[in-house]
Colleague: 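Okay, here's the structure, questions in a sec.
So you know, we letter chains A, B, ... as the sequences are listed, proteins then strands, and number each from 1. Treat the numbers as computed from the prediction; the structure is a model and nothing was measured.
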There are 2 protein chains.
Amino acid sequence: MTESPHPHSNPDCRAVSELLSRVGDKWTVLIVKALETQSRRFNELKREVGGISQQMLTRTLRMLERDGMVTRTVHPTVPPQVDYALTDLGRSLAVPVMALTEWTFANLPEIHANRAAYDGAMEDAA
Amino acid sequence: MTESPHPHSNPDCRAVSELLSRVGDKWTVLIVKALETQSRRFNELKREVGGISQQMLTRTLRMLERDGMVTRTVHPTVPPQVDYALTDLGRSLAVPVMALTEWTFANLPEIHANRAAYDGAMEDAA
DNA sequence: CTGTATCCGTCACGATACTG
DNA sequence: CAGTATCGTGACGGATACAG
């Protein structure tokens with residue numbers, strides 16, 4: 001946990017920021033969740049996640065594979081079959097992510113109430 | 001933890017996704033970190049975070065305020081003085097975020113190694 | 001089936017100038 | 001000091017067509 005006057009310029013903090021961006025992107029968590037219980041084929045994932053384009057599924061899987069979060073196994077059959085599975089690293093990431101998820105569920109009512117109050121105050125001012 | 005064939009369309013899961021995006025954006029975590037120990041004034045925050053534009057600082061603070069993560073206190077002095085502070089909600093969010101941060105530090109070497117291996121394999125193929 | 005290539009719209013973000 | 005207004009840019013993400 002390095003200290004720096006400008007967290008931004010610190011390489012370690014940039015790494016954390018980068019990881020948070022990955023987790024915060026539109027599809028990563030949904031894909032990891034879909035792989036949580038079992039390995040999946042490409043189109044299985046596409047159906048399971050729902051609403052994702054082929055392009056984004058491919059891109060996100062490549063990033064996850066590069067970081068060692070998922071493995072990609074090609075079976076040289078015809079038609080081709082590719083299985084994606086979580087690695088231990090990917091599964092271990094799911095733990096703190098789940099903590100954030102549970103925090104969200106626990107505090108969702110309060111957040112919604114806060115927003116309603118804020119928006120109400122804003123339109124009073126307007 | 002609601003079940004749905006298409007997580008995307010589930011309002012609870014969208015809320016989680018939204019929260020992850022907020023945490024995953026470029027500045028939120030850095031601002032929360034800067035407010036962790038004490039309340040800060042606008043330009044104090046700007047200096048502390050480092051590299052953020054006025055516009056993004058304002059926007060991010062507004063979002064955090066709307067969600068009830070920070071309070072905004074205006075002192076009617078001249079020149080004007082505005083203090084930002086974390087709420088209990090904001091502080092409680094910091095807990096699971098820190099868990100993710102620590103996971104990152106713990107697994108950074110492995111991730112870097114994975115990337116190097118992946119990139120190496122790629123340029124072999126090329 | 002499992003991708004890659006291409007095009008395109010949107011929006012987050014940055015820089016700058018201006019205001020109370 | 002603490003913002004708001006405006007404009008520009010690039011990355012992100014979707015749709016579609018094509019390929020092995």
Side-chain angles (χ1 to χ4, degrees), chain A residues 6-9 14 17-31 34-35 39-66 70-85 118 122 125-126, chain B residues 6-9 14 17-31 34-35 39-66 70-85 118 122 125-126:
Chain A
H6 286 241
H8 213 193
S9 54
R14 293 196 27 80
S17 179
E18 196 188 325
L19 190 272
L20 288 171
S21 295
R22 169 108 338 132
V23 167
D25 76 5
K26 200 170 179 182
W27 300 111
T28 295
V29 169
L30 290 178
I31 291 176
L35 291 175
S39 81
R40 302 277 193 181
R41 297 176 55 184
F42 186 86
N43 275 353
E44 272 185 309
L45 270 176
K46 187 155 158 33
R47 279 190 299 274
E48 179 111 351
V49 169
I52 190 173
S53 66
Q54 283 195 358
Q55 170 121 201
M56 285 314 298
L57 182 53
T58 302
R59 285 186 195 172
T60 309
L61 285 170
R62 287 289 178 282
M63 292 294 95
L64 288 171
E65 189 195 357
R66 187 169 106 101
V70 308
T71 57
R72 176 174 180 270
T73 325
V74 181
H75 301 284
T77 61
V78 46
Q81 173 168 345
V82 182
D83 285 311
Y84 292 93
Y118 184 92
M122 286 304 95
Chain B
H6 285 234
H8 214 190
S9 55
R14 291 193 32 75
S17 178
E18 198 187 325
L19 189 273
L20 288 171
S21 295
R22 169 106 339 130
V23 166
D25 76 7
K26 200 169 178 181
W27 301 110
T28 295
V29 169
L30 290 177
I31 291 175
L35 290 174
S39 81
R40 302 278 193 181
R41 298 176 53 180
F42 187 86
N43 275 351
E44 273 185 309
L45 269 176
K46 187 155 158 31
R47 278 189 300 274
E48 180 108 356
V49 169
I52 189 174
S53 65
Q54 282 194 359
Q55 171 118 203
M56 285 314 298
L57 182 53
T58 302
R59 285 185 194 175
T60 308
L61 285 170
R62 287 286 178 282
M63 292 294 95
L64 288 171
E65 188 194 359
R66 186 170 106 102
V70 308
T71 57
R72 176 174 179 272
T73 324
V74 181
H75 301 283
T77 60
V78 45
Q81 174 167 346
V82 182
D83 286 311
Y84 292 93
Y118 184 92
M122 285 304 97

Colleague: Taking the minimum atom-to-atom distance to the side chain of B:Val82, which one of D:dA2, C:dG14, C:dC1 wins?
Modeller: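 Between D:dA2, C:dG14, C:dC1, the one nearest the side chain of B:Val82 would be D:dA2.
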
Colleague: In whole angstroms, how far is the P atom of D:dG3 from the CD1 atom of B:Ile52?
Modeller: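 Rounding to the nearest Å, CD1 of B:Ile52 and P of D:dG3 are 13 Å apart.
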
Colleague: Starting from P on C:dT2, measure out to CZ on A:Arg62 and report it in whole angstrom.
Modeller: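 Distance check: A:Arg62 CZ to C:dT2 P gives 12 Å.
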
Colleague: Starting from P on D:dG3, measure out to CE on B:Met63 and report it in whole angstrom.
Modeller: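 Answer to the nearest Å: 14 Å.
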
Colleague: In whole Å, I'd like the distance from the CG atom of A:Leu57 to the P atom of D:dG13.
Modeller: 13 Å

Colleague: Under 4.0 Å between any heavy atoms, over every strand shown, what does B:Gln81 touch: base, sugar-phosphate, or nothing? Just pick one.
Modeller: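 Answer is sugar-phosphate: B:Gln81 comes under 4.0 Å of backbone atoms only.
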
Colleague: Has A:Arg72 got a side-chain N or O lying under 4.0 Å from the OP1 or OP2 atom of C:dT2?
Modeller: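 Indeed not, no polar side-chain atom of A:Arg72 lies that close.
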
Colleague: Could you state the atom-to-atom distance from CD of A:Glu65 to C1' of C:dT2 in whole Å?
Modeller: 13 Å

Colleague: If the condition is side-chain contact (heavy atoms from CB on, under 4.5 Å), which residues does A:Arg41 pass it with, not counting sequence neighbours?
Modeller: A:Glu44, A:Gln81, A:Asp83

Colleague: Between D:dG14, D:dA2, D:dA5, spot the one nearest the side chain of B:Phe42, thanks.
Modeller: D:dA2

Colleague: Given atom CH2 of A:Trp27 and atom C1' of D:dC12, what is their separation to the nearest angstrom?
Modeller: 12 Å

Colleague: Closest-nucleotide mapping onto DNA chain C: is B:Pro80 or A:Leu61 further toward the 5' terminus? I mean the 5' end.
Modeller: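 The residue closer to the strand's 5' end, by nearest nucleotide, is A:Leu61.
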
Colleague: With a cut-off of less than 4.0 Å, is there a side-chain N or O of A:Lys46 near OP1 or OP2 of C:dC1?
Modeller: no

Colleague: On DNA chain D, compare the nucleotides closest to A:Gly51 and B:Asn43; which residue's is nearer the 5' end?
Modeller: B:Asn43

Colleague: With a cut-off of less than 4.0 Å, is there a side-chain N or O of A:Arg59 near OP1 or OP2 of C:dT4?
Modeller: no

Colleague: Looking at the base of C:dT16, is there any donor atom on it, or on the side chain of B:Gln55, that sits under 3.5 Å from an acceptor on the other one?
Modeller: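 Under the 3.5 Å cut-off, the side chain and the base do not form any donor-acceptor pair.
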
Colleague: The side chain of B:Arg41 lies closest to which of these nucleotides: D:dC1, D:dG13, C:dG3?
Modeller: D:dC1

Colleague: Does a side-chain heavy-atom distance below 4.5 Å link A:Met122 with B:Arg66?
Modeller: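 SC-SC contact between A:Met122 and B:Arg66 ruled out.
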
Colleague: Looking at every non-hydrogen atom in both residues, tell me the closest pair between B:Arg40 and B:Ala34 and how far apart they are.
Modeller: NE-O, 3.3 Å

Colleague: From the list D:dG13, C:dG14, C:dG3, which nucleotide is the closest neighbour of the side chain of A:Thr58?
Modeller: C:dG3

Colleague: OP1 or OP2 of C:dG3 less than 4.0 angstrom from a side-chain nitrogen or oxygen of A:Tyr84, does that happen here?
Modeller: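 Looking at the OP1 and OP2 atoms of C:dG3, one of them is under 4.0 Å from a side-chain N or O of A:Tyr84.
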
Colleague: Mind calculating the distance between CD (A:Gln54) and P (D:dG14) to the nearest angstrom?
Modeller: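 Taking atom P of D:dG14 as the reference, CD of A:Gln54 is at 13 Å.
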
Colleague: Can you name the nearest heavy-atom pair linking A:Tyr84 to A:Leu35, along with the distance?
Modeller: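 Shortest heavy-atom contact: O-CD2, 3.4 Å.
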
Colleague: Looking at CD1 of B:Ile52 and CH2 of B:Trp27, how far apart are the two atoms once the value is rounded to the nearest 0.5 Å?
Modeller: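 Rounded to the nearest 0.5 Å, the CD1-CH2 separation comes out at 5.0 Å.
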
Colleague: B:Met56 CE to C:dC11 P: how many Å, rounded?
Modeller: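 The distance from CE of B:Met56 to P of C:dC11 comes to 15 Å, rounded to the nearest Å.
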
